[in-house]
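Read through the structure below, which is laid out as structure tokens, and then see the notes.
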Amino acid sequence: MRLTRQIGLWLRITAGTAWAGAMCVAGLLVLASSQGLLAHMAPLRWPLGAALTAGGLFVFMVLVADRWFHRASKPMIWAAELLCLAVFIVAPVVALFSTFVAIGD
């Protein structure tokens, strides 16, 4: 039973790290792209890149970091996780709003 629990923990850590890494890399690529399709969509590039990066950080904190650092300060953990979650939720709303403003002009 103990071995199964350890394997499950390592699978969650590995999957969470891969998922969070993919989101962070995708977000940073969106933020850094200045050519191609995203270059013409500059109002969308910054909010969507920030949302992907913050989402990746949130996934990593929830799935991986909480399991590695059990004794970390709970207020600090909550503040960091809520900040990343807020950016992840608010940034697409900003992108949608900026799209409607750009269409209206």
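We use all heavy atoms of the structure for the numbers below, so side chains are in, but hydrogens, waters and symmetry mates are not.
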- From I89 CD1 over to L82 CG, what is the distance, rounded to the nearest 0.5 angstrom? 9.5 Å
- Cluster link L83 to W46, ILVMFWY, side chain under 4.5 Å: no
- Message: Measuring only between side-chain heavy atoms, which start at C-beta, is F88 closer than 4.5 Å to M23?
- Response: yes
- Query: Is there a chain of hydrophobic side chains (I, L, V, M, F, W, Y, each step under 4.5 Å between heavy atoms) that links L48 to V87?
  - Reply: no
N/O donor-acceptor pairs under 3.5 Å from side chains in residues 55-74, not counting sequence neighbours:
| unit_1 | atom_1 | unit_2 | atom_2 | d |
| --- | --- | --- | --- | --- |
| R67 | NH1 | V62 | O | 3.3 |
| H70 | NE2 | R67 | O | 2.9 |

- Task: Please answer whether the main-chain N or O of A95 pairs with a side-chain N or O of S98 as donor and acceptor at a distance below 3.5 Å.
- Result: yes
- Item | side chain to side chain contact (heavy atoms under 4.5 Å, CB included) partners for L28, two or more places apart | L31, T53
- At what distance, to the nearest 0.5 angstrom, does CG of L96 lie from CG of L44? 9.0 Å
